Amino acid sequence: MAEAKQTYDPATIEPKWQAFWREHDVFRARNPGDPDFDPRQPKFYALDMFPYPSAAGLHVGHPEGYTATDIVSRWKRAKGCNVLHPMGWDAFGLPAEQYAIQTNTHPARTTAANIATFRRQLQRLGFSYDWSREISTADPKYFRWTQWIWKRLYERGLAYESNAPVWWCEALGTVLANDEVVNGRSERGDHACERRPLRQWLLRITDYAERLLADLEPLEWSESLKTMQREWIGKSEGAEIDFDVLGHAGTRLRAFTTRPDTLFGASFLVLAPEHPLVAEVTTAARRAAVEAYQKAAAAKSELERTDLAKDKTGVWTGAMAHNPLFAADDPRGRIPVWIADYVIVTYGTGAIMAVPAGDERDFAFARKFGLPIPAIFAPATSDAEADAAVARGERCCTAEAPYAAHCRTADGTLALAGRSLADAKRATIAWLEARGRGAAKVTYRLRDWLFSRQRYWGEPFPVLHTADGVDLVPDDQLPVELPVMDDFRPGGTPESPLVRAREWVETLDARGRPAQREVNTMPGAAGSSWYFLRFCDPHNEREFCSRAASDYWLPVDLYVGGTEHAVGHLLYSRFWTKVLHDDGRVGVVEPFRKLYNQGMIQAFAYRDARGAIVPMAAVKEDGDTAVHATTGEPLERIVTKMSKRYGNVVNPDQVVDEYGADTLRLYEMYMGPLADSKPWNPKDVPGVHRFLQRSWRLAVPEFPEHGPIHAWLRADRADEPALERALHRTIHKVDGDIERLAFNTAIAAMMIFVNEATKAMERLSRSQLLRFSQLLQPFAPHLAEELWARLGGEGLLARAPWPAVDAKLLVDDEVELAVQVLGKVRTRITVPADAAQDVVLAAARRAAAAWLDGKTIQKEIVVPKKLVNFVVR
RNA sequence: GCCGGAGUGGCGGAAUCGGCAGACGCACAGGUUUCAAAAACCUGCGCCCUCACGGGCGUGCGGGUUCAAGUCCCGCCUCCGGCACCA
């Protein structure tokens with residue numbers, strides 16, 4: 001044994017090609033105006049949801065979407081596109097700050113270290129990112145423009161200050177985010193928390209609700225995602241109706257309803273406990289009860305008020321109101337005014353007209369408190385018993401139903417009997433409008449975006465507070481950088497730790513007068529709401545992104561990421577894009593043309609008889625079964641998410657160390673459809689690795705003395721026809737599969753080709769292997785590049801065009817058909833591909849004679865190139 | 001409760017427009033090679049009956065449409081995701 005074998009060794013070839021690509025600037029995207037820009041090329045913008053660089057490093061979930069976009073990017077380049085495929089860091093945020101508090105290190109330092117780890121890990125995977133466009137949201141050169149965009153929002157009247165409630169935890173001395181509070185107690189330490197109003201910045205995203213809804217329609221997003229956004233925006237059409245409060249001349253309560261047609265059945269009003277008119281209308285006798293109820297409601301979170309509190313609660317204010325449909329002296333028109341926490345102050349007008357006969361919630365409330373349930377429907381369905389109950393006011397009816405005869409005003413100007421639901425709504429609104437008692441109204445569930453945090457590690461607002469009010473920092477003085485602090489712990493008040501940076505806070509305005517800097521910082525979603533724009537023009541020091549660059553690159557052609565951003569990030573980015581469009585700074589109104597959600601990569605875990613998950617360290621696996629390592633108890637295998645606690649987290653670095661980046665990429669794509677959640681199975685990884693080894697061996701001899709490639713590949717030879725057909729079929733299949741993001745089946749097709757080629761290895765030509773390398777390149781770029789180089793391919797494979805398909809080679813001369821009798825496959829025939837129908841039938845009859853014997857053929861069905869079916873009796 | 005998505009061999013999955021269910025990979029079994037092992041290569045592999053030939057059953061469950069259903073329709077069950085007193 002003299003020399004080492006030339007086996008497939010990713011540890012050697014992967015770093016080699018990564019360095020080569022970097023040194024030759026292979027993946028640099030050209031902007032219009034750049035020296036090598038080619039205007040004839042179509043553009044393609046492939047974007048990943050950029051990661052938050054956590055201390056834990058890259059997770060195998062990250063490279064799933066990243067590999068998908070990388071495959072598409074490399075394929076689009078091969079197809080002649082100018083591809084923008086960038087990567088960056090969503091670097092501001094709470095975890096870095098928490099970590100900083102625990103370890104007493106500055107978040108800027110930990111963030112920089114985490115970014116370095118993420119970058120190193122990503123670069124090991126051979127992604128074709130244009131690293132010259134790398135950005136970080138925490139970089140002053142970046143957040144300068146986040147602040148600048150915020151100023152445009154402010155100037156357009158879309159940013160405002162308001163007192164909004166925040167979670168304050170006395171014991172921890174800090175403000176907490178919604179997801180840090182569970183049932184009114186802090187997640188950390190389980191301390192009591194309360195809602196406190198605090199001055200906050202908000203963005204008027206509600207002004208864009210209708211456009212955010214309407215512009216969703218043409219986007220290539222999954223229906224489920226569009227539905228989630230639609231429901232989040234929550235458009236409802238209805239009416240606002242004014243009710244006079246008896247004994248309070250001039251005070252009217254305005255209620256929003258989607259069912260103005262049920263106004264005849266309104267038997268009480270309900271205000272949210274926080275409604276501003278509660279104090280005014282409450283009578284002296286009821287004041288104590290009302291205030292006690294308000295206090296109790298304030299202590300509850302919104303979750304408790306909705307999810308947990310199914311049982312209706314409420315108190316009467318002592319006030320009476322008047323239903324405008326009835327005459328002043330009609331007792332039916334006198335209705336009590338209650339407060340109850342099932343009415344939410346931030347939705348609609350914070351007040352409802354309660355119609356127990358037509359609304360389940362109002363019905364339950366009326367039943368509980370003995371309030372009247374005036375019947376308004378006379379239904380006639382197949383369920384006579386239910387109909388009678390509705391007519392008696394003993395049952396609630398939310399479906400469309402005929403109106404009772406008494407649904408009419410005394411003067412007959414409004415009568416609903418005989419009208420459809422839509423018609424009755426229209427008629428009621430028209431009647432109210434004519435009398436100045438109400439109007440049609442559209443309401444959205446979407447609320448304004450709470451756009452400030454009482455935290456250190458975020459973008460400072462470019463805002464000064466002076467004696468005259470809010471003053472903006474001039475554009476030429478941006479960015480407003482964070483002060484250097486060595487203690488950013490919460491300070492025992494709900495305010496941001498920035499208040500302690502006295503020298504930073506106390507400053508002068510443009511005219512030299514004393515001013516205080518805004519101490520709130522922007523939320524994590526600020527920087528991520530426009531990063532796709534900065535990628536188009538990342539080094540521009542005069543603009544956030546030149547109009548020429550965004551006009552060229554936008555919209556993003558393919559955006560891949562997890563569903564967790566279905567409403568937040570995607571809605572905010574759409575909003576900012578529209579605002580920048582309205583400001584004339586961006587051409588498009590929608591940033592992401594096609595969006596695809598990858599599934600979650602899960603892992604196996606083992607559960608004992610009690611259902612508790614046993615950490616992997618205590619599990620002994622043996623083939624198909626597993627037992628507890630110490631007790632020997634048999635365990636059940638389940639699929640769940642990866643978690644440190646279960647010890648089932650897969651580290652991509654380890655996979656790369658053992659098998660190489662190409663194997664990791666390939667396995668992640670081979671596991672199953674991109675959109676599905678699927679478990680990581682370590683036993684399956686060697687399968688795709690073997691495929692890469694087999695591909696390698698098609699070109700490279702085992703022993704170096706036989707040269708860098710097999711002898712038969714060095715001579716120019718004609719392509720073997722069967723292999724040539726197989727190759728063309730594979731190219732065609734892989735091409736179509738990448739287009740529809742079906743990477744798992746594309747890989748299967750390449751495996752089939754390699755299996756066939758292995759069996760006829762010495763008949764394979766150099767040209768065929770070169771073209772196979774081109775196919776493999778998007779998936780396993782390092783191996784493919786190495787094969788290409790060894791085979792003497794021209795230039796770099798990363799820049800080579802996609803191989804051509806000859807349509808003539810996709811069709812076979814002969815085809816095999818299934819022959820069915822009564823739908824069951826009985827036998828098969830082989831016929832020329834272009835055989836006439838009667839020839840096929842004759843052959844099929846002959847082949848199926850045994851099953852047709854003694855039967856009468858009633859029908860013969862021929863599906864060309866598929867099957868023949870005889871229907872017999 | 002409402003709205004999505006899914007359910008296919010021992011496992012991950014394939015079947016793109018109603019046309020041969022189980023491609024491809026894993027696991028498993030047998031074989032070749034080897035002093036041996038690993039690796040590699042070859043063969044088999046849905047379930048049941050059968051020495052075999054062959055046959056029956058089979059895509060969560062129950063019905064239906066069709067020459068033909070994993071795919072379409074109706075009614076259920078289970079799992080996953082989202083929303084949840086939004087008037």
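Keep in mind it's a predicted model, so treat the numbers as computed, not measured.
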Checklist entry - What nucleotide, of B:C67, B:A84, B:G25, holds the atom closest to the side chain of A:Arg445? => result B:A84
Item to check | Charged N-O contact under 4.0 Å between A:Asp341 and A:Lys312 | outcome: no
Checklist entry - Which nucleotide sits closest to the side chain of A:Ala748: B:C20, B:A23, B:G13? => result B:A23
Checklist outcome for this item: Of the candidates B:C85, B:A14, B:G55, the side chain of A:Pro673 sits closest to B:A14
Checklist entry - Going through the checks in order, is the side chain to side chain contact (heavy atoms under 4.5 Å, CB included) test met by A:Phe365 and A:Trp338? => result CA-CA 11 Å; A:Phe365 194 84; A:Trp338 285 63; 3.7 Å; yes
Next on the checklist: Nearest to the side chain of A:Lys683, heavy atoms from C-beta on, is which of B:C26, B:C20, B:G13?
Outcome noted: B:C26
Item to check | B:A84 phosphate, OP1 or OP2, under 4.0 Å from A:Trp232 side-chain N/O | outcome: no
Checklist outcome for this item: Of the listed B:G12, B:C41, B:G19, the closest approach to the A:Arg697 side chain comes from B:C41
Next on the checklist: Looking only at the side chain of A:Lys866 (C-beta and beyond, no hydrogens), which of the listed nucleotides B:C26, B:G19, B:G56 gets closest?
Outcome noted: B:G19
Checklist entry - With both distances under 3.5 angstrom, what nucleotide forms a Watson-Crick or G-U wobble pair with B:C57? => result B:G46
Checklist entry - Given that both distances must come in under 3.5 Å, which nucleotide forms a Watson-Crick or G-U wobble pair with B:A39? => result none
Checklist entry - With both distances under 3.5 angstrom, what nucleotide forms a Watson-Crick or G-U wobble pair with B:G62? => result B:C74
Next on the checklist: Roughly how many Å apart are B:C48 and B:C35, using the C1' atom of each and rounding to a whole number?
Outcome noted: 45 Å
Next on the checklist: Can you tell me the base-pairing partner of B:C51? Count Watson-Crick or G-U wobble geometry only, both distances below 3.5 Å, and say none if there is no partner.
Outcome noted: none
Item to check | Base-pairing mate for B:U16 - Watson-Crick or G-U, with both contacts under 3.5 Å | outcome: none
Item to check | Rounded distance in Å between the C1' positions of B:U71 and B:A21 | outcome: 11 Å
Checklist entry - Expressed in whole Å, how much space separates the C1' atoms belonging to B:G82 and B:G10? => result 33 Å
Next on the checklist: For B:C79, give the paired nucleotide (Watson-Crick: N1-N3 plus N6-O4 or O6-N4; G-U: N1-O2 and O6-N3; both under 3.5 Å), or none.
Outcome noted: B:G5
Checklist entry - Can a side chain N or O of A:Asn744 be found less than 4.0 Å away from OP1 or OP2 on B:A14? => result yes
Item to check | Lys/Arg N to Asp/Glu carboxylate O, A:Glu860 vs A:Arg845, below 4.0 Å | outcome: yes
Item to check | Same-atom distance (C1') from B:C11 to B:C20, integer angstrom | outcome: 25 Å
Item to check | Ionic contact status for A:Arg230 with A:Glu217, cut-off 4.0 Å | outcome: yes
Checklist entry - With respect to the side chain of A:Thr745, which nucleotide from B:A27, B:A15, B:G56 is positioned closest? => result B:A15
Checklist entry - Can you tell me the Watson-Crick or wobble partner of B:A69, both distances under 3.5 angstrom? => result none
Checklist entry - According to a strict under-4.0 Å criterion, is A:Arg690 in side-chain N/O contact with OP1 or OP2 of B:C26? => result yes
Checklist entry - What's the closest nucleotide to the A:Val863 side chain, out of B:G19, B:G13, B:C85? => result B:G19
Checklist entry - Are the ring centres of A:Tyr8 and A:His689 closer than 6.0 Å? => result yes
Item to check | Proximity to the side chain of A:Trp851 - top-ranked nucleotide from B:G55, B:G19, B:U16 | outcome: B:G55
Item to check | Nearest-angstrom distance from the residue atom CG of A:Asp684 to C1' of B:G10 | outcome: 13 Å
Next on the checklist: If you compare all heavy atoms of A:Met228 against all heavy atoms of A:Val567, which two are closest, and at what distance to 0.1 Å?
Outcome noted: O-CG1, 3.7 Å
Checklist entry - What form does the base of B:G54 take, syn (within 90° of 0) or anti? => result anti
Checklist entry - Taking the same atom, P, in B:C3 and in B:G56, what whole-Å distance lies between them? => result 43 Å
Next on the checklist: Measuring only the C1' atom in each nucleotide, how far is B:U33 from B:C41? A whole number of Å is fine.
Outcome noted: 8 Å
Checklist entry - Can you tell which of B:G82, B:C85, B:C20 lies closest to the side chain of A:Met228? => result B:G82
Next on the checklist: Given the structure, check if the side chain of A:Lys312 and the base of B:C85 hold any donor-acceptor pair shorter than 3.5 Å.
Outcome noted: yes
Checklist entry - When rounded to the nearest Å, what value does the distance between P atoms of B:C17 and B:G12 take? => result 24 Å
Checklist entry - Which glycosidic conformation, syn or anti, is assigned to B:C17 if syn requires a torsion within 90° of zero? => result syn
